[in-house]
Trainee: 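Dumping the structure here so I can ask a few things about it.
A note on names: the letters A, B, ... follow the listed sequences, proteins ahead of strands, and every chain is numbered from 1.
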Amino acid sequence: MELSKNFIPAEAEPKWNQHWTDRKYFNSTPDHRPSFTVVIPPPNVTGVLHMGHTLNETVQDILVRKARMSGFNACWVPGSDHASIATEAKVVQMLEKEKGIHKSDLTRAEFLRYAFEWKEKYGGIIYNQIDRLGCSVDWSRVTFTMDDHYYKAVIKVFVDLSKKGLIYRGARMINWDPEAKTALSDEEVEYKDIHGKLYHVNYKIEGSEESIVIATQRPETIMGDTAICVNPNDPRYAHLKNAHAFVPLVNRRIPIIFDEYVDPAFGTGALKVTPAHDINDYNLGLKHNLEVVDTLNEDGTLSEAAGVFIGEDRFKARKLVIAALKENGSLVKEEEYQTRLGYSQRTGAVVEPRISTQWFLKMKEMATPALEAVLKGDIRIHPGDKFLATYRYWLENVKDWCISRQLWWGQQIPAWYTPDGACVVAATREEAWEEIISQPAFDLTRLTIDQLTQDNDVLDTWFSSWLWPMEVFNGITDPGNKEVRYYYPTSVLVTGQDIIFFWVARMVMAGMHYEKMIPFRDVYFTGMVRDKQGRKMSKSLGNSPDLLELIDKYGADAVRFGIMILSPAGNDLLFDESSIEQGRNFNNKMWNALKLIGMWKARAAETTVNDDQDHTTNWPNYWFRCRLNAARLEVDQLMTQFRLSEALKTIYSLIWDDYCSWYLEWIKPAYDAPVNKDHLESAIGFFEELVQLLHPFMPFITEEIYHQLRDRKEGDDLCIRQFSKPETFERDINGKDAVKFLDEGVLLKDVITGIRDVRNRSQIKPKESISVHVNTSNKDIYAMIRSILEKQVNGSLHFVEAAVPNTIATVIDRDQFYIETEQPIDSGHHREELVRELEYLKGFLVSVEKKLGNERFVQNAKPDVVEMEKKKKEDTISKIKVIEDSLSKI
RNA sequence: GGGAGCAUAGCUCAGCUGGUUCAGAGCAUCUGCCUUACAAGCAGAGGGUCCGCGGUUCGAAUCCGUGUGCUCCCA
């Protein structure tokens with residue numbers, strides 16, 4: 001079959017995807033082989049894959065495909081999470097925009113119906129992208145965090161942890177998102193530096209003409225003030241013991257209290273205390289028994305309790321309060337102030353500290369085993385040095401986790417309330433009722449099961465995703481089942497460093513708690529994908545390219561190549577489309593090598609070489625065999641260290657440079673001559689191994705080439721072809737050490753390059769043939785590689801014992817070369833170059849001699865290092881001699 | 001404020017346990033090639049005070065200290 005000019009991804013990709021799917025290659029069931037399990041970090045259903053995901057999924061696919069080809073039963077479970085806040089926000093928005101329906105008009109059940117519809121419609125986008133990228137996931141296992149069994153698992157865990165006393169309900173100061181109208185965990189708040197203002201406000205002291213000035217960033221909260229606090233050691237305020245002041249605008253009488261918490265140097269040294277709206281004030285309030293006046297509603301508007309500006313939004317209220325304070329003369333000063341504000345990670349709204357009754361999970365007990373697992377090395381973090389400290393710090397200082405959210409989209413908290421407010425945690429209404437009637441404390445005479453009401457709130461999405469590695473195998477709902485025993489713990493988790501606390505640490509906690517085992521052996525953190533200017537890729541900036549467009553333009557293999565080649569382990573990468581171009585060019589290179597072999601195949605000679613008699617002819621095959629073995633070992637090692645980018649670079653260079661640029665050229669037959677049959681066989685065999693090595697990185701083109709190289713039997717596909725054991729590097733070939741072949745290869749390349757360089761510099765036309773005279777003590781090696789050398793430099797090789805006059809002299813490795821041309825030599829230019837070279841060598845010689853002259857060096861350095869220096873000295877001296885010799889002859 | 005990381009060619013980065021002619025790779029640049037696999041290519045080349053300063057050592061891009069500049073995490 002005639003091959004197209006270039007590789008056409010649009011044809012190969014759907015074809016192989018279909019083929020792999022048809023044959024169920026990526027579906028896994030437990031068997032006798034060791035398992036290699038990866039669970040996809042669930043992207044949320046609202047989204048599309050951005051470049052960060054692309055990197056992530058590619059890394060996972062590389063590891064999974066490699067394992068599948070290395071004797072493992074590879075199982076990669078896809079899925080997505082329900083992303084409570086983000087999805088609910090999108091659904092609410094859609095309902096308002098498209099249908100004119102407000103959430104408040106709907107019942108919970110009606111709303112959930114719309115949400116599931118929405119999920120059906122958009123949730124598939126992400127799966128399509130995973131598919132197009134060539135990810136070898138087991139689609140029969142796709143899991144969603146709101147699936148029935150998953151829902152049950154989350155509820156089961158909640159009930160269980162409650163029974164164990166690890167979950168409690170209480171009023172605490174929490175982070176409130178006034179836009180989504182829900183609580184957030186500490187981890188969901190992002191802090192940003194902003195320019196703010198500090199307002200100095202006058203509070204009148206009771207029964208005196210005096211007043212006290214406080215400094216605040218949030219004048220709109222003064223209506224919630226219930227004290228003023230000063231430092232007891234501050235002489236300015238010592239006389240105010242037992243005094244009271246009046247809050248401006250509302251005239252509340254509040255005490256002046258004394259606490260060392262206040263920094264006398266900050267602002268005026270006097271602090272207004274608003275326990276309802278600031279975490280530190282809240283703690284002060286607890287300590288001094290202060291009244292709590294909550295002046296804000298759940299949507300961020302001022303409440304009745306504020307007394308003024310009721311119903312105004314907090315930001316507008318601030319302006320109104322400032323104006324009012326100005327008017328009555330209470331505002332004495334405004335100053336610029338640098339501060340930090342918390343923003344909701346999901347909605348971007350400014351987070352409001354708010355006292356609210358929420359559910360919490362105690363973290364201390366769960367954190368200890370999770371920390372130990374990593375410190376003991378049961379879980380290995382890559383790159384370790386960078387993230388171990390972060391992980392450790394967070395777990396050692398962990399705070400209780402606020403797990404309730406005031407939303408509908410998610411697992412509804414299984415807590416049931418009697419009309420008089422008593423609360424029971426149970427998986428179902430019936431179970432809750434059972435529990436109530438079993439407790440004599442309840443007055444059952446007027447209570448029926450229907451009067452129980454369920455908690456309105458849902459659980460944090462992370463409270464479901466932390467069970468992911470277990471429940472994708474039904475490990476929570478059906479503990480100890482065959483699958484979870486086989487697949488758990490999973491092998492490696494690949495994810496972004498940004499969710500180390502949200503997700504990674506909590507999965508370890510859940511795994512240690514329920515399976516008594518770590519959830520994964522290795523954690524690999526990928527870096528963040530940034531644009532060329534180093535900016536984080538984000539939807540709002542619009543600087544993230546569309547994945548499917550990239551795949552359409554360059555092909556999935558090229559996209560995978562481009563993103564991997566740029567991505568050193570754990571480091572951020574600056575995304576640049578040109579690296580994807582490089583991937584496409586690489587495709588083209590391999591495609592052309594395939595075409596070359598195809599042409600050879602069409603016209604191969606019947607002749608073969610008899611190995612014993614003709615080492616020379618077979619030399620390129622031996623050499624490449626050794627080169628390939630060495631590279632395979634290197635790649636294997638890099639991959640176990642998760643240095644995937646370097647592994648890919650190694651393969652890239654092995655294919656492009658060693659195979660295409662050197663090996664194929666070395667065995668290429670003379671113009672119009674048929675190729676030697678043994679060479680052809682070797683070339684095909686090597687190419688097979690090369691595409692196998694590359695397959696995990698670029699699955700489509702490699703599968704295509706694999707099938708183009710030979711006719712394959714049904715079921716002989718590259719994606720499941722097992723790697724042979726890498727042959728050891730030292731293995732002899734025909735009694736010769738592999739290292740020798742490699743050394744000869746290096747010499748041959750050096751000589752070819754060196755002579756071509758001379759040709760270039762001397763402007764010898766490519767078509768002009770030259771005579772190369774070499775003075776060497778290794779004639780046998782040159783005899784071996786002679787024909788290749790002559791072909792590659794377009795010249796003929798002759799051995800000499802002395803300098804040849806009227807030639808261009810050069811030294812390559814340890815041998816002296818004299819290049820004879822038909823054209824006259826530009827002696828001036830040549831002399832100049834030789835002089836420059838000579839100067840460098842003389843300087844180098846001085847430094848080597850100095851080193852060797854240093855007694856302490858000779859004494860202290862390792863013997864082979866000293867030996868090396870001596871050799872350098874000798875080589876340099878002989879080179880100098882050759883150059884001086886040539887100079888004298890010009 | 002506390003902690004972590006980074007600084008090497010124009011750009012993006014390798015450089016592991018200090019020692020090969022160690023200062024590297026890819027991309028970009030320059031020169032020469034339409035050589036029947038490939039111009040999305042081939043053959044070559046140039047390019048760096050390894051951020052500054054100090055120390056340890058026979059020897060430092062590499063180890064230690066310090067300064068500067070950037071990035072991230074936490075409060």
Trainee: Rounded off to whole Å, could you give me the CD1-to-C1' distance for the A/Ile655 and B/rC38 pair?
Mentor: 15 Å
Trainee: Compare side-chain N and O positions of A/Asn794 against OP1 and OP2 of B/rU35 and report whether any pair is under 4.0 Å apart.
Mentor: no
Trainee: Determine whether the side chains of A/Gln582 and A/Ser579 contain a donor N or O and an acceptor N or O closer than 3.5 Å.
Mentor: no
Trainee: For nucleotides B/rA37 and B/rA43, find the distance between their P atoms and express it as a whole number of Å.
Mentor: 14 Å
Trainee: Counting heavy atoms from C-beta on, name the nucleotide in B/rA14, B/rC74, B/rG41 closest to the side chain of A/Arg643.
Mentor: B/rA14
Trainee: Looking at A/Glu13 and A/Ala556, would you say the former's side chain and the latter's main chain have a donor-acceptor pair under 3.5 Å?
Mentor: yes
Trainee: Name the closest nucleotide to the A/Ser578 side chain, picking from B/rA40, B/rA37, B/rC27.
Mentor: B/rC27
Trainee: RNA chain B: A/Phe7 or A/Leu574, which has the more 5' nearest nucleotide?
Mentor: A/Leu574
Trainee: Just say parallel, tilted or perpendicular for the rings of A/Phe7 and A/Trp591, cut-offs at 30° and 60°.
Mentor: tilted
Trainee: Do any N or O atoms of the protein come closer than 3.5 Å to N or O atoms of nucleotides 55-58 of chain B, and which pairs are they?
Mentor:
residue: B/rC58; atom: O2'; partner: A/Asn854; partner atom: ND2; Å: 2.8

Trainee: With sugar-phosphate meaning primed atoms plus P, OP1 and OP2, does A/Glu581 contact a base, only sugar-phosphate, or nothing at under 4.0 Å between heavy atoms?
Mentor: nothing
Trainee: Under 4.0 Å between any heavy atoms, over every strand shown, what does A/Lys879 touch: base, sugar-phosphate, or nothing? Just pick one.
Mentor: base
Trainee: Using the C1' atoms only, state how far B/rU62 lies from B/rG19, rounded to an integer number of Å.
Mentor: 11 Å
Trainee: For B/rU57, give its Watson-Crick or G-U wobble partner with both distances under 3.5 Å, or none.
Mentor: none
Trainee: Classify the nucleic acid contact of A/Lys668 as base, sugar-phosphate or nothing, counting any heavy atom under 4.0 Å across all strands shown.
Mentor: base
Trainee: Expressed in whole Å, how much space separates the P atoms belonging to B/rG10 and B/rC73?
Mentor: 30 Å
Trainee: So, A/Gln792 versus A/Trp662: side-chain donor-acceptor pair below 3.5 Å or not?
Mentor: no
Trainee: What's A/Gln859 touching, base or sugar-phosphate or nothing? Going by heavy atoms closer than 4.0 Å.
Mentor: nothing
Trainee: If you assign A/Val189 and A/Leu594 each to the RNA chain B nucleotide with the nearest heavy atom, which residue ends up on the more 5' nucleotide?
Mentor: A/Leu594
Trainee: Quote, to the nearest angstrom, the C1' distance that separates B/rC70 from B/rA45.
Mentor: 34 Å
Trainee: How would you list, by chain and number, every residue that makes a salt bridge (charged side-chain N to carboxylate O under 4.0 Å, His left out) with A/Asp657, sequence neighbours excluded?
Mentor: none
Trainee: Starting the side chain at C-beta, find the nucleotide from B/rU12, B/rA14, B/rC38 nearest to A/Glu646.
Mentor: B/rA14
Trainee: With a 3.5 Å limit on both atom pairs, tell me what B/rG44 is paired to, counting Watson-Crick and G-U wobble, or say none.
Mentor: B/rC30
Trainee: Tell me if the centroids of the rings in A/Tyr524 and A/His382 come within less than 6.0 Å of each other.
Mentor: no
Trainee: Got a sec: does the CD of A/Gln637 have more than 12 other heavy atoms crowding it under 6.0 Å?
Mentor: no
Trainee: If you check the A/Tyr652 side chain, which of B/rC27, B/rA40, B/rU20 turns out closest?
Mentor: B/rC27
Trainee: With a 3.5 angstrom cut-off on both distances, give the Watson-Crick or G-U wobble partner of B/rU17, or none if there isn't one.
Mentor: none
Trainee: When the aromatic ring centroids of A/Phe561 and A/Phe697 are compared, is their separation below 6.0 Å?
Mentor: no
Trainee: For the NZ atom on A/Lys871, are there more than 12 heavy atoms of other groups (residues, nucleotides or ligands in this structure) within a distance under 6.0 Å?
Mentor: no
Trainee: Calculate the interatomic distance between A/Lys399 atom NZ and B/rC74 atom P; express it in whole Å.
Mentor: 11 Å
Trainee: What is the distance, to the nearest angstrom, from the NZ atom on A/Lys649 to the C1' atom on B/rA25?
Mentor: 7 Å
Trainee: Taking atom types as modelled, find out whether A/Asp186 and A/Asn175 have a side-chain donor-acceptor pair closer than 3.5 angstrom.
Mentor: yes
Trainee: With ring centroids as reference points, do A/Tyr659 and A/Phe687 lie under 6.0 angstrom apart?
Mentor: yes
Trainee: Just the table, please: protein N/O against nucleotides 42-44 of chain B N/O, every pair under 3.5 Å.
Mentor:
residue: B/rC42; atom: OP1; partner: A/Lys589; partner atom: NZ; Å: 2.8
residue: B/rC42; atom: OP1; partner: A/Trp656; partner atom: NE1; Å: 2.7
residue: B/rA43; atom: O3'; partner: A/Arg756; partner atom: NH1; Å: 2.9
residue: B/rG44; atom: OP1; partner: A/Thr753; partner atom: OG1; Å: 3.3
residue: B/rG44; atom: OP1; partner: A/Arg756; partner atom: NH1; Å: 3.3
residue: B/rG44; atom: O4'; partner: A/Asn760; partner atom: ND2; Å: 3.2
residue: B/rG44; atom: O2'; partner: A/Asp757; partner atom: OD1; Å: 3.1
residue: B/rG44; atom: O2'; partner: A/Asn760; partner atom: ND2; Å: 3.3

Trainee: Identify whether any heavy atom of A/Asn6 sits under 4.0 Å from a base atom; if not, whether one sits that close to sugar-phosphate; answer base, sugar-phosphate or nothing.
Mentor: base
Trainee: Say we look at B/rA14 and B/rG54: how far apart would their C1' atoms be, to the nearest angstrom?
Mentor: 28 Å
Trainee: Using atom C1' in both nucleotides, what's the gap between B/rC6 and B/rG41 to the nearest angstrom?
Mentor: 38 Å
Trainee: Quick one: A/Glu396 CD to B/rG2 P, roughly how many Å, whole number?
Mentor: 19 Å
Trainee: Ring centroids only, cut at 6.0 angstrom: are A/Phe686 and A/Tyr663 within range, meaning strictly under it?
Mentor: yes
Trainee: Rounded to whole angstrom, note down the P distance from B/rG46 over to B/rA40.
Mentor: 26 Å
Trainee: Is there a Watson-Crick or G-U wobble partner for B/rU35 with both distances under 3.5 Å, and which nucleotide is it?
Mentor: none
Trainee: Can you tell me how far C1' of B/rC13 sits from CE of A/Met564, to the nearest Å?
Mentor: 14 Å
Trainee: Could you check how far CD1 of A/Ile705 sits from P of B/rC38, rounded to whole Å?
Mentor: 16 Å
Trainee: Could you identify the nucleotide paired to B/rC72, looking across every strand shown and requiring Watson-Crick or G-U wobble geometry with both distances under 3.5 Å?
Mentor: B/rG3
Trainee: To the nearest angstrom, how far is A/Lys595 atom NZ from B/rA40 atom P?
Mentor: 13 Å
Trainee: CG of A/Leu709 versus C1' of B/rA37: gap in Å, rounded?
Mentor: 14 Å
Trainee: Using purine N1 to pyrimidine N3 plus N6-O4 or O6-N4 for Watson-Crick, or N1-O2 and O6-N3 for G-U wobble, both under 3.5 Å, which nucleotide pairs with B/rC51?
Mentor: B/rG67
Trainee: B/rC30 and B/rC51: how far apart are their C1' atoms, nearest whole angstrom?
Mentor: 29 Å
